[in-house]
There are 2 protein chains.
Amino acid sequence: MDEEFLSRILKAAGDTTRRRILTLLVQEGALRVTALAAHFDMSLNSVSKHIKVLEEAGLVTRRTLGREHFIAAELEPLKLTESWFGQLKSIWELRLSALEHALVSEGDRHD
Amino acid sequence: MDEEFLSRILKAAGDTTRRRILTLLVQEGALRVTALAAHFDMSLNSVSKHIKVLEEAGLVTRRTLGREHFIAAELEPLKLTESWFGQLKSIWELRLSALEHALVSEGDRHD
DNA sequence: CATTTATTCACCCTTATGGTTGAATACATA
DNA sequence: TATGTATTCAACCATAAGGGTGAATAAATG
């Protein structure tokens with residue numbers, strides 16, 4: 001369930017074009033589909049599809065005003081993902097310190 | 001090129017099975033291919049392929065002792081990825097505070 | 001109302017992905 | 001040396017991904 005979400009976010013973020021879209025949105029705020037597409041050497045349709053993928057992952061949201069669709073980055077999924085990697089690092093450090101502790105105890109028995 | 005690396009890491013991490021493999025390795029230290037495969041309801045071969053993907057992304061390394069291959073998680077790619085998400089958050093906050101500042105200046109002109 | 005503009009939808013194509021099975025390789029061991 | 005064990009390689013299959021084009025839809029605008 002949450003795993004599903006994470007997978008979708010990471011898959012969405014795993015494409016260079018989509019990461020560039022995200023970065024653009026984060027630094028410039030909401031942008032229209034056409035404005036985004038202008039940055040890429042590919043068809044408007046392809047960019048539109050990339051946006052859809054990001055949207056399905058929750059990484060961006062869409063606000064439609066008339067015929068214009070404004071796309072904005074969302075912060076929450078970024079936090080979720082960052083925290084997954086962070087937790088993994090924590091577990092790592094936990095294991096290492098436990099290991100170290102065990103080695104010290106071993107030394108205490110000086111056998 | 002760094003983008004290439006990131007893409008490979010994120011794609012590798014975008015699969016639930018592979019994230020579980022990573023987690024197992026992080027919490028239990030180096031494990032053999034068979035030992036890892038025992039945790040999953042899929043063929044040994046499939047797990048072996050997942051490991052290969054993780055390896056190509058630099059997320060794990062392999063130490064071969066005789067016929068046994070010991071797989072271990074690597075910390076660096078995790079840090080790299082976490083920092084990409086972190087940077088994105090920073091840019092976000094930078095833009096927001098700039099925006100806030102602009103609004104305050106607007107108010108100063110009290111027109 | 002006709003036209004232009006903004007965007008998506010529906011297909012098509014090629015390549016990648018995630019899974020399978022069976023054979024090959026590399027190493028221990030009886 | 002024959003056999004079993006650990007692992008990968010190779011081929012296959014179904015489905016997804018990432019790209020393209022052309023048509024459809026929605027909304028401004030002359």
Between [X] and [N], is there a contact of a side-chain N or O with OP1 or OP2 at under 4.0 Å?
X       : N      : value
B/Ser46 : C/dG18 : no
B/Ser43 : C/dT20 : yes
B/Arg18 : C/dG18 : yes
B/Ser48 : D/dT7  : no

Taking atom [atom2] of [N] as reference, at what distance in whole Å does atom [atom1] of [X] sit?
X       : N      : atom1 : atom2 : result
A/Leu10 : C/dT17 : CG    : P     : 15 Å
B/His50 : D/dT7  : NE2   : P     : 17 Å
B/Lys52 : C/dG19 : NZ    : P     : 15 Å
B/Ile51 : D/dC9  : CD1   : C1'   : 15 Å
B/Lys11 : D/dA16 : NZ    : P     : 17 Å
A/Met42 : D/dG18 : CE    : C1'   : 8 Å
A/Arg8  : D/dA17 : CZ    : P     : 10 Å
A/Lys49 : D/dA16 : NZ    : P     : 14 Å

Heavy-atom donor-acceptor pair, B/Asn45 side-chain to D/dT7 base, under 3.5 Å: no
Spacing of A/Leu75 atom CG and B/Trp92 atom CH2 [to the nearest 0.5 Å]: 5.0 Å
Test your reading of the model: is there a side-chain donor-acceptor pair from B/Arg32 to the backbone of B/Glu68, 3.5 Å cut-off? no
For the side chain of A/Arg19 and the backbone of A/Ala13, is there at least one donor-acceptor N/O pair under 3.5 Å apart? yes
For A/Ile71, run the side chain to side chain contact (heavy atoms under 4.5 Å, CB included) check against A/Leu54, A/Leu25, A/Thr61, A/Ile21 and tell me which one passes.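 It is A/Leu25, the one option of A/Leu54, A/Leu25, A/Thr61, A/Ile21 that forms the side chain to side chain contact (heavy atoms under 4.5 Å, CB included) with A/Ile71.
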Before you tell me yes or no, could you show the steps for B/Phe40 and B/His50 under side-chain contact (heavy atoms from CB on, under 4.5 Å), namely the whole-Å CA-CA distance, both residues' side-chain angles and the distance that decides it to 0.1 Å? CA-CA 12 Å; B/Phe40 300 92; B/His50 279 302; over 6 Å; no
Below 4.5 Å, heavy atoms only, C-beta onward: do A/Phe85 and A/Leu10 meet side chain to side chain? yes
What I want to find out is whether A/Lys79 reaches A/Glu76 closely enough, with some N-O distance under 4.0 Å, to be called a salt bridge.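 Answer for the salt bridge query: yes.
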When every nucleotide of nucleotides 25-30 of chain D is labelled 5' to 3' by its protein contacts under 4.0 Å (heavy atoms), B for base, S for sugar-phosphate only, - for none, what sequence of letters results? --BS--
Any idea which of C/dG19, D/dT21, C/dT20 is nearest the B/Thr17 side chain?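 Nearest nucleotide to the side chain: C/dG19.
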Under 4.0 Å between any heavy atoms, over every strand shown, what does A/Asp15 touch: base, sugar-phosphate, or nothing? Just pick one.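 The answer is sugar-phosphate, as A/Asp15 gets under 4.0 Å only of primed atoms, P, OP1 or OP2.
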Relative to the 5' end of DNA chain C, which residue comes earlier, B/Val47 or A/Leu44, by the nucleotide with the nearest heavy atom? A/Leu44
